[in-house]
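Every number for a ligand or one of its atoms is a count from 1 in the order of the listing. If you read the sequence from its start, that first residue is 1, and numbering goes on from there.
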Amino acid sequence: MNILVTRSSMPPLDEYMDEIKELWETHWLTNMGVKHRQLQEKLKEYLGVSNIDLLTNGHMALELTLQALNLRGEVITTPFTFASTTHAIVRNGLIPVFCDINASDFTIDADKIESLITDRTCAIVPVHVYGNICNIEEIERIAHKYGLKVIYDAAHAFGETYKGKGIGTFGDVSCFSFHATKVFNTIEGGAVCFNDSDFGMRIYRLKNFGIRGPEVVDGVGANAKMNEFCAAMGICNLKHVNDEILKRKSIAEHYRSCLEGIEGIQLSPLQENVESNYAYFPIMIDEKIFGFSRNEVFDKLAENGVGARKYFYPLTNTFECFHGKYDVTLTPVAVHISKRILTLPLYADLSEDDVDFICRVILQCKKRRP
Ligand code: T4K
């Protein structure tokens, strides 16, 4: 493939070398060192949140959050997401209850949440999928009414704001991913943003084996500490992230100018009150109108060296590891969308010429249909 769905952003090499130089003096490589603390402070300010803790990845952020909240029973969530969201729930011994999604922005359909609540429901885990922000007000209303925790999977939503507030300030906890493929990366990494300082203490211990003090271990924790090299990468990448987002914005706008109004192609909405990070560029292809199916367009792009991706197909409630456990007919909109969605390449140094080429390949499909 010549053009992949994304390409990690990296700082200039000498910036990174400068940042890690002192690690050769201190020999302090992990376990909440100086870089970890520095990045934490910088991110707190950048994301506009009052509390943040760094972890090895976005998945452990989700998994340990659910553990730290000491949840039991059922969790209402979406199947239109990466494996991580559902796995974090199941690996905590919780039961995922899948809610359908909106056809317009692909986030959990908040109007369908209440009908899924039982006396076993303990939490809602919505996903700001592709950086599209969920119906925060309605989710908050429901959670308040029924006394449920809200844990946002904000893996795609780094740096976004809703009504001027950092996206990490909503719900009980928001979990971010800083994976190499994300708008902001620490190679591998993640973070939790939260309001309750007791929760903060619990997750801080759980990411370090549940160690409370030199001779006290009072939680069955894991090892999910961000190391100093990853934190240093984050410090460097953070200096460039605004630039990164601006470049992504201009690429996304170029895609829109090429694909807007094409019959049979639906673009992701520009959401009101949201400062977007342009994390992904998904398109929905309606075969009946466009003439070619999503899979045919995917194959055609691949033949031309373009690695688009079917994020998120298959739905997590159809995974083989859950065979027969969940009734997929209960999430018909998610089924419909997962069969039609295609995520096009998007990263800061993707050129306009590349975007033109990708769009040409897509539009040629339409022309070729007899
Ligand atoms: N929740 C949601 C909603 C998520 O989407 C994710 C992760 C998580 C939770 C969990 O967060 P983490 O634990 O990962 O921090 C990728 C990412 O690995 C994953 O982080 C991401 N979501 C998911 C949507 O995409 P793959 O299996 O598609 O990755 P891969 O290896 O095929 O890479 C995609 C493209 O990225 C490659 O074609 C080229 C480019 N790339 C990849 C790597 C690894 C780079 O340019 N540099 C790299 O180092 O999952």
Give the numbers and elements of all ligand 1 atoms closer than 4.0 Å to a heavy atom of [X].
{"X": "Thr81", "value": "3 (C)"}
{"X": "Ala180", "value": "48 (C), 49 (O)"}
{"X": "His59", "value": "10 (C), 11 (O), 12 (P), 13 (O)"}
{"X": "Gly189", "value": "15 (O)"}
{"X": "Gly58", "value": "11 (O), 12 (P), 13 (O), 15 (O)"}
{"X": "Ser177", "value": "11 (O), 12 (P), 15 (O)"}
{"X": "Arg309", "value": "26 (P), 27 (O), 28 (O), 32 (O), 34 (C)"}

The one among [options] that brings a heavy atom closest to [atom]:
{"atom": "atom 1 (N) of ligand 1", "options": "Asp153, Val127, Asn57, Leu62", "value": "Asp153"}
{"atom": "atom 2 (C) of ligand 1", "options": "Ala83, Pro345, Ala155, Ser84", "value": "Ala155"}
{"atom": "atom 21 (C) of ligand 1", "options": "Lys182, His179, His128", "value": "Lys182"}
{"atom": "atom 28 (O) of ligand 1", "options": "Tyr311, Phe178, Phe82, Phe80", "value": "Tyr311"}
{"atom": "atom 33 (O) of ligand 1", "options": "Thr181, Thr56, Leu4, Thr78", "value": "Thr181"}

Q.
Atom CD of residue position Glu272 - does it have more than 12 heavy atoms of other residues, nucleotides or ligands inside 6.0 Å?
A.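 Open.
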
Report the part of [X] (side chain from C-beta onward, or backbone N, CA, C, O) that has a heavy atom under 4.0 Å from ligand 1; answer both or neither where that applies.
{"X": "His156", "result": "side chain"}
{"X": "Glu188", "result": "neither"}
{"X": "Thr6", "result": "both"}
{"X": "Tyr280", "result": "side chain"}
{"X": "Ser8", "result": "both"}

Q) Met60 near ligand 1, heavy-atom distance under 4.0 Å? A)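 Judged by the 4.0 Å heavy-atom criterion, Met60 does not count as contacting ligand 1.
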
Q | Heavy-atom gap Ala88 to ligand 1 smaller than 4.0 Å | A | no

Please check if the distance between the ring centroids of [X] and [Y] is under 6.0 Å.
{"X": "Tyr326", "Y": "Phe98", "result": "yes"}
{"X": "Phe106", "Y": "Tyr130", "result": "yes"}
{"X": "Phe312", "Y": "His156", "result": "yes"}

Can you find a heavy atom in the side chain of [X] that is under 4.5 Å from one in the side chain of [Y]?
{"X": "Thr186", "Y": "Met226", "value": "yes"}
{"X": "Arg256", "Y": "Leu267", "value": "yes"}
{"X": "Cys175", "Y": "Leu62", "value": "yes"}

Q. Could any protein non-hydrogen atom be found less than 4.0 Å from atom 31 (O) of ligand 1?
A. no

Q) Closest approach of Phe319 and His87, non-hydrogen atoms and distance? A)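 That closest heavy-atom pairing would be CD1-CE1, 3.9 Å.
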
Side-chain donor-acceptor pairs under 3.5 Å in residues 40-49, sequence neighbours left out?
unit_1: Gln40; atom_1: OE1; unit_2: Leu54; atom_2: N; d: 3.3
unit_1: Tyr46; atom_1: OH; unit_2: Asn242; atom_2: OD1; d: 2.7

**Q.** Distance-only N or O hit between ligand 1 and Val5, under 3.5 Å
**A.** no

Without placing hydrogens or testing angles, list every side-chain donor-acceptor pair under 3.5 Å for residues 215-222, not counting sequence neighbours.
unit_1: Asp218; atom_1: OD2; unit_2: Arg212; atom_2: NH1; d: 2.4

Q: Walk me through it: do Ile117 and Ile76 pass the test side chain to side chain contact (heavy atoms under 4.5 Å, CB included)?
A: CA-CA 8 Å; Ile117 294 175; Ile76 297 174; 3.7 Å; yes

Q: Could you tell me whether Lys300 and Glu303 have a side-chain N and a carboxylate O separated by less than 4.0 Å?
A: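 Salt bridge present between Lys300 and Glu303.
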
Q) Just by distance, with hydrogens left out, do Ser177 and Asn57 show a side-chain donor and acceptor under 3.5 Å apart? A)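 Asn57 and Ser177 do not have a side-chain donor-acceptor pair below 3.5 Å.
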
